[in-house]
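Encoded as structure tokens, the structure appears first; notes follow it.
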Amino acid sequence: MSGIQSIRNSLTGNVTKVIVIAIIITFIGSVGWAGFFSESNSNVVVKVGSKNISTSDLSFEFSTQQSLIAERFPDEVIDEELLVEISTNSLISKFSVLNYLDQRGMDLPDQYIFQQLSDTEQFLENGNFSRANFDAFARSNGFIPSDYLERIREDLKSNIWRLSLLNSSFITDLEIKNSINLAEQERDISFIKFPMSDFRNSLEYREEDLSDYYNSNSNSYIDPQQVKVTYIQIDRDSLIDEGNVSEEAIRTSYEDYLSDFDDTIRKSVSHIMINIDQDKTLEEATVALINAKKKIDSGTDFEDLVIEISEDEGTKEIGGSLGITDGTLLPPEFESALEKMSIGEVSEPISLLNSVHLIKLDDQDKPSPSSIEERSELIIEKLASEYAEEEYFSLLDQVSELSFSATDLQEISELIPFSEIESNFFSENNVPEALNKANIKDFLFNISEEGDYPELFEFEGLNAILVQVKESKPQTQLSFEVSLADVTNDYINETVSNISSAFISDQIRGLDDGKSLESLAIENTQIIESYKRLKRDSSLLPASAIDDIFSLPRSEAGVAFSNARLSNGDFIIYRLDSVQSGQSDLNSEQMKSLTGFLTQQKSVSETAEIQLSLQNDLNIERYN
């Protein structure tokens, strides 16, 4: 139960606020897919214990993973089947945790979730959380509000669980010392360099060798399929014209704003909390807060007592702040007391199920609506965007119909406010940026033929492209004579690589069988060089070579051999000569930073192990 208690302790303060921000960013990054993944919640793709992963869950996770990958690798196109597998595994891991938490009775009430969202810009109205804005945001992105709320609840629960485990990890002084010694360890090596140019210069070949190589690798010498296309780019933003917004429309929108305006009083609240547990009864906790109230009434600062006696670790560092309530977000016992309090007043002790509290009304505000002059710019932007969106979808309908009747895109472009663009011939490897989308490339090179009807592709952000293949050149085999320069270069590179790798492997086997590095140098008329006191951050060798050198057992110094390839293509064969233990004098600030880093790394590893253990203990059924 201590694990669950640790989780419950994380349900306060800045921890959840950080998690909420991450969740909202993820949702916003994926909203272009919302219409796709919200169509159905009924089809189950994986059953994890008692939890079902639906096609809706998988589609949303797919779009999330796609957004994350696109952000990190903007020029990479990831295979959709691989993305589905990544998304499925991610969901299995997540739902294994949710199944565990559900079995142990952990839940987050709606009120708690809305409180965590109270600082999220998308859900605010005049600086305060608005349930109406929350529901509108969900619907505008293709969600049923209740489904959207459930997704946030699930992500909050799993992230709070993960963060609670991270915060419970620790590292010993001995582990820190050993880590420092390893990090500062130094190693000496002796090595022989074998220049790649020696292997290249010794290579002899005939035209027959090149011809055989060409015949064995003919698929590498292809003039790829090429197409010439015409296309029209259509987007909502190009249609925005604020001049289309009339004064009457502005007044109507402002009147709607006034009718929907929520002028409920908002109250800023802080608290001091004493837990009721095996060490403290309700009576003892109440007495402690009665005494605290007397000190406050006598002039003691409320914030000082928060730091001194409050047991809510999540709010201690922020003066005990519970945020802002509109009369519905805090426990009913709190809301009832707040109705009778004035600004600056501190309540008598208030008992909840497992704790006793003093609450303070820090401030209160009754929102007032902005004037029409203050809101006019926002209204104009909003209406102009809505008009453009309506025109955009109307144009898509028009273009869809015209694509089956018009003779070419030029005829369509004359009827809409977007121009036709004609490309030169291009292959699948050099597609124009505007057309470089997986589904468009598949259409151009695998589906469409010259003279076929144009195809309309829609993308997130209210963008679309109408494209038609005008001419197509099939893939052709390049002759040996045309490809000779490339064949020669490829043959030399591959043959030299194979010869050099085989040579290095033979020499390593000889060293392992007892030959000395010195005799190897003499046999190959090479000199022995050395690097002294190499460290893990050395730039003398490639990072992979440094990693290999430090992976050799220190007990085999003098008899351990390996090889590495340098950035210029040359090989080295080296011997580990000696290992010196590292020492480092860190100041207190550096030691604190290192301890935090090592603790984080250890906790991430432990969390992954626990999560895998939960997953392995469950019955997981996949449905195709």
Side-chain angles (χ1 to χ4, degrees), residues 15-37 45-46 53 56-97 120-122 141-143 148 151-152 154-156 158-163 165-166 235 237 428-442 457-463 465 536-537 539 542-544 546-547 567 593 596-609 611-612 615:
V15 167
T16 48
K17 294 186 184 300
V18 172
I19 293 171
V20 165
I21 291 171
I23 292 171
I24 297 303
I25 290 173
T26 300
F27 280 134
I28 293 171
S30 316
V31 294
W33 290 76
F36 169 61
F37 61 66
V45 292
V46 184
I53 299 177
S56 172
D57 296 318
L58 180 57
S59 297
F60 176 76
E61 184 66 20
F62 180 95
S63 65
T64 301
Q65 294 292 340
Q66 188 175 54
S67 296
L68 293 173
I69 291 173
E71 183 178 339
R72 294 188 61 186
F73 309 104
D75 298 325
E76 295 294 327
V77 178
I78 306 299
D79 180 72
E80 288 194 2
E81 289 187 8
L82 176 60
L83 266 178
V84 169
E85 184 65 20
I86 292 172
S87 303
T88 302
N89 291 334
S90 174
L91 285 173
I92 289 173
S93 179
K94 172 184 172 181
F95 276 71
S96 298
V97 173
T120 305
E121 182 180 354
Q122 286 76 19
N141 292 301
F143 284 105
Y148 182 53
R151 292 184 186 278
I152 295 179
E154 289 175 349
D155 276 353
L156 271 173
S158 59
N159 280 287
I160 288 170
W161 173 83
R162 186 174 296 107
L163 197 56
L165 292 181
L166 295 180
D235 69 286
D237 291 348
E428 195 167 359
N429 294 325
N430 63 342
V431 179
E433 183 178 356
L435 305 176
N436 196 15
K437 314 283 186 183
N439 52 352
I440 294 182
K441 291 196 293 184
D442 186 51
F457 296 90
E458 297 181 51
F459 302 99
E460 60 184 56
L462 300 182
N463 292 280
I465 293 180
R536 293 178 187 272
D537 60 352
S539 59
S544 58
I546 294 294
D547 289 342
S567 56
S593 176
F597 172 77
L598 293 176
T599 301
Q600 182 187 45
Q601 296 304 303
K602 183 178 180 181
S603 62
V604 168
S605 175
E606 292 174 341
T607 301
E609 290 179 9
Q611 199 156 353
L612 183 59
Q615 186 173 319

With a 4.5 Å limit on heavy-atom distance, are the side chains of [X] and [Y] in contact?
X	Y	result
V45	T88	no
K94	D155	yes
L462	D237	no
F95	D57	yes
I92	V46	yes

Item to check | Shortest non-hydrogen contact between P542 and S567, atoms and distance | outcome: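 Smallest heavy-atom distance, with atoms named: CG-N, 4.1 Å.
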Item to check | For the student: nearest non-hydrogen atoms of N463 and D235, plus distance | outcome: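 Taking every non-hydrogen atom into account, OD1-CB, 3.0 Å.
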Next on the checklist: Donor-acceptor pair, distance only, cut-off 3.5 Å: does the side chain of S90 make one with the backbone of I86?
Outcome noted: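 Side chain of S90 to backbone of I86: no pair is present.
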Checklist entry - Backbone N or O of E85 within a donor-acceptor pair of the N89 side chain at under 3.5 Å? => result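 Yes.
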Checklist entry - Can you name the residues that form a side chain to side chain contact (heavy atoms under 4.5 Å, CB included) with L83, not counting sequence neighbours? => result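 Once residues adjacent in sequence are excluded, the partners of L83 under the side chain to side chain contact (heavy atoms under 4.5 Å, CB included) criterion are F62, Q65, Q66, I69, I78.
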Item to check | Test side chain to side chain contact (heavy atoms under 4.5 Å, CB included) applied to N430 - qualifying residues, sequence neighbours left out | outcome: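 With sequence neighbours excluded, N430 shows a side chain to side chain contact (heavy atoms under 4.5 Å, CB included) to F426, S427, given in chain and number order.
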Checklist entry - Are K437 and F459 in a cation-pi contact, defined as NZ or CZ under 6.0 Å from the six-membered ring centre and within 45° of the axis? => result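 Yes, K437 and F459 form such a contact.
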Next on the checklist: To the nearest 0.5 Å, what is the distance between CD on E458 and CD1 on I465?
Outcome noted: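 Rounded to the nearest 0.5 Å, the CD-CD1 separation comes to 11.5 Å.
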Item to check | Those residues that, when tested against N436, pass side-chain hydrogen bond (donor to acceptor under 3.5 Å, both in side chains) (two or more places apart) | outcome: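 Listed in chain order: K441.
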